[in-house]
Student: 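Structure below; questions to follow.
For reference, positions follow the sequence shown, starting with 1.
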Amino acid sequence: VLFRSVDSLSAGAIEAAVAAGAEAVLAPVSATADVKGAKAAAGKAALGGLLEAGTKAEVDQLEKDGCDFFVLRSANLPADVLQGDDRSAMLELDSSLPDAVLRGVEGLNLDGAVYRIPGSEVLTVQHLLQLRRAGGLASKPLFVAAPDGLAPDSAAVLRDAGAVGLIVPATAVAEFKAAVAALPQP
């Protein structure tokens, strides 16, 4: 699964992401976001909302307006944002979280987790160890948010380390899509 991260719900950015081959588009959302317009621009691609803050009522409205899934950027959001008819949500994880917190992710009503690789153009063994730790303890499908400049040939190593999907910057969608398509079946 290849996602593209965009900085806003701009129709042009979303259309460009889909044209480049993104299967889903992930953008920051808030209670005042024009999700309906963004969903129209996304067409058949899934539209995901990056949530920094919000109430259950606001998330319910964003979902009604067209958000197909949410990535919670913070574990400090109200717990009831996870409740909703068929709500699809993931929690963003990072290497600073203690093991006990990562293990707790398994019991939450989440469809997966997102591991954000710290800004680096070079994928290191340390990154892979942190990714494996987060994925193993969380026991959820793990998507990886790649930083700007990460080489598309990293897709194979990330898959082998447990990633089921990639979230890549706007400039890298086509290259990562080609790299993923060329991967041999595991």
Side-chain angles (χ1 to χ4, degrees), residues 1-6 17-18 20-28 45-52 67-77 79 81-82 86-186:
V1 177
L2 187 64
F3 293 79
R4 177 186 170 199
S5 181
V6 295
V18 173
E23 297 170 48
V25 179
L26 186 59
L47 178 64
L50 278 169
L51 283 176
E52 298 269 354
C67 270
D68 297 304
F69 66 96
F70 297 94
V71 173
L72 311 180
R73 303 271 337 255
S74 169
N76 292 321
L77 283 157
V81 300
L82 295 175
D86 299 320
R87 174 149 307 145
S88 182
M90 295 184 274
L91 179 64
E92 188 171 302
L93 308 175
D94 65 53
S95 62
S96 70
L97 294 172
D99 289 1
V101 172
L102 290 171
R103 274 192 294 277
V105 171
E106 180 179 19
L108 297 178
N109 184 26
L110 294 166
D111 297 302
V114 173
Y115 182 80
R116 186 169 299 278
I117 295 175
S120 173
E121 292 184 6
V122 177
L123 186 63
T124 66
V125 173
Q126 181 67 27
H127 291 133
L128 296 177
L129 291 170
Q130 292 169 343
L131 171 66
R132 297 281 304 180
R133 175 181 163 264
L137 292 171
S139 296
K140 296 282 185 183
L142 194 61
F143 295 80
V144 173
D148 285 336
L150 190 66
D153 62 359
S154 299
V157 176
L158 291 169
R159 182 197 63 189
D160 293 345
V164 299
L166 299 173
I167 302 168
V168 299
T171 56
V173 172
E175 294 84 5
F176 269 91
K177 186 163 183 82
V180 168
L183 289 176
Q185 292 301 314

Student: For A17 and V25, work out which heavy atoms get closest and say how close.
Tutor: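 Nearest pair, atom of A17 first, then V25: CB-CG2, 3.8 Å.
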Student: According to the salt bridge (Lys or Arg N to Asp or Glu O under 4.0 Å) rule, which pairs have a member within residues 123-139, sequence neighbours left out?
Tutor: D99-R133
Student: Nearest 0.5 Å please: distance from the CG atom of L72 over to the CG atom of L93.
Tutor: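 Answer for the CG-CG pair, L72 versus L93, is 10.5 Å.
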Student: According to side chain to side chain donor-acceptor pair (under 3.5 Å), who are the partners of S74, at least two apart in sequence or on a separate chain?
Tutor: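 In terms of side chain to side chain donor-acceptor pair (under 3.5 Å), with neighbours along the sequence ignored, S74 is linked to no residue.
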Student: Hey, what do you get for CG (L47) to CZ (F69), rounding to the nearest 0.5 Å?
Tutor: 7.5 Å
Student: Using the side chain to side chain donor-acceptor pair (under 3.5 Å) criterion, which residues pair with Q126? Sequence neighbours excluded.
Tutor: none
Student: Which heavy atom of A20 sits nearest a heavy atom of V173, and at what distance?
Tutor: O-CG1, 3.3 Å
Student: Identify the heavy atoms of V114 and A145 that sit nearest to each other, and give their distance.
Tutor: CG1-CB, 4.1 Å
Student: List in chain and number order the residues that pass side chain to side chain donor-acceptor pair (under 3.5 Å) with Q130, two or more places apart in sequence or in another chain; answer none if no residue qualifies.
Tutor: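 Here the qualifying residues are Y115.
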Student: Considering non-hydrogen atoms only, spot the tightest contact between V81 and R87 and give its length.
Tutor: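 For V81 versus R87, the nearest heavy atoms are O-NH1, 2.9 Å.
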Student: Name each donor-acceptor pair under 3.5 Å that joins a side chain in residues 103-112 to protein atoms two or more places apart or in another chain, with its distance.
Tutor:
{"residue": "N109", "atom": "ND2", "partner": "L82", "partner atom": "O", "Å": "3.2"}
{"residue": "D111", "atom": "OD2", "partner": "S88", "partner atom": "OG", "Å": "2.9"}
{"residue": "D111", "atom": "OD2", "partner": "A89", "partner atom": "N", "Å": "3.1"}

Student: Over all heavy atoms of both residues, which pair between A46 and D68 is shortest? Give the atoms and the distance, please.
Tutor: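 Closest approach of A46 to D68, heavy atoms only: CA-OD2, 3.3 Å.
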Student: Name every donor-acceptor pair, under 3.5 Å, that has one atom in a side chain of residues 148-169 and the other anywhere in the protein, sequence neighbours excluded.
Tutor:
{"residue": "S154", "atom": "OG", "partner": "A151", "partner atom": "O", "Å": "2.9"}
{"residue": "R159", "atom": "NH1", "partner": "P184", "partner atom": "O", "Å": "2.6"}
{"residue": "R159", "atom": "NH2", "partner": "P184", "partner atom": "O", "Å": "3.3"}

Student: Just wondering, do S95 and H127 contact through their side chains at under 4.5 Å, heavy atoms?
Tutor: no
Student: Mind listing the closest non-hydrogen atom pair of P118 and P147 along with its distance?
Tutor: O-CG, 4.0 Å
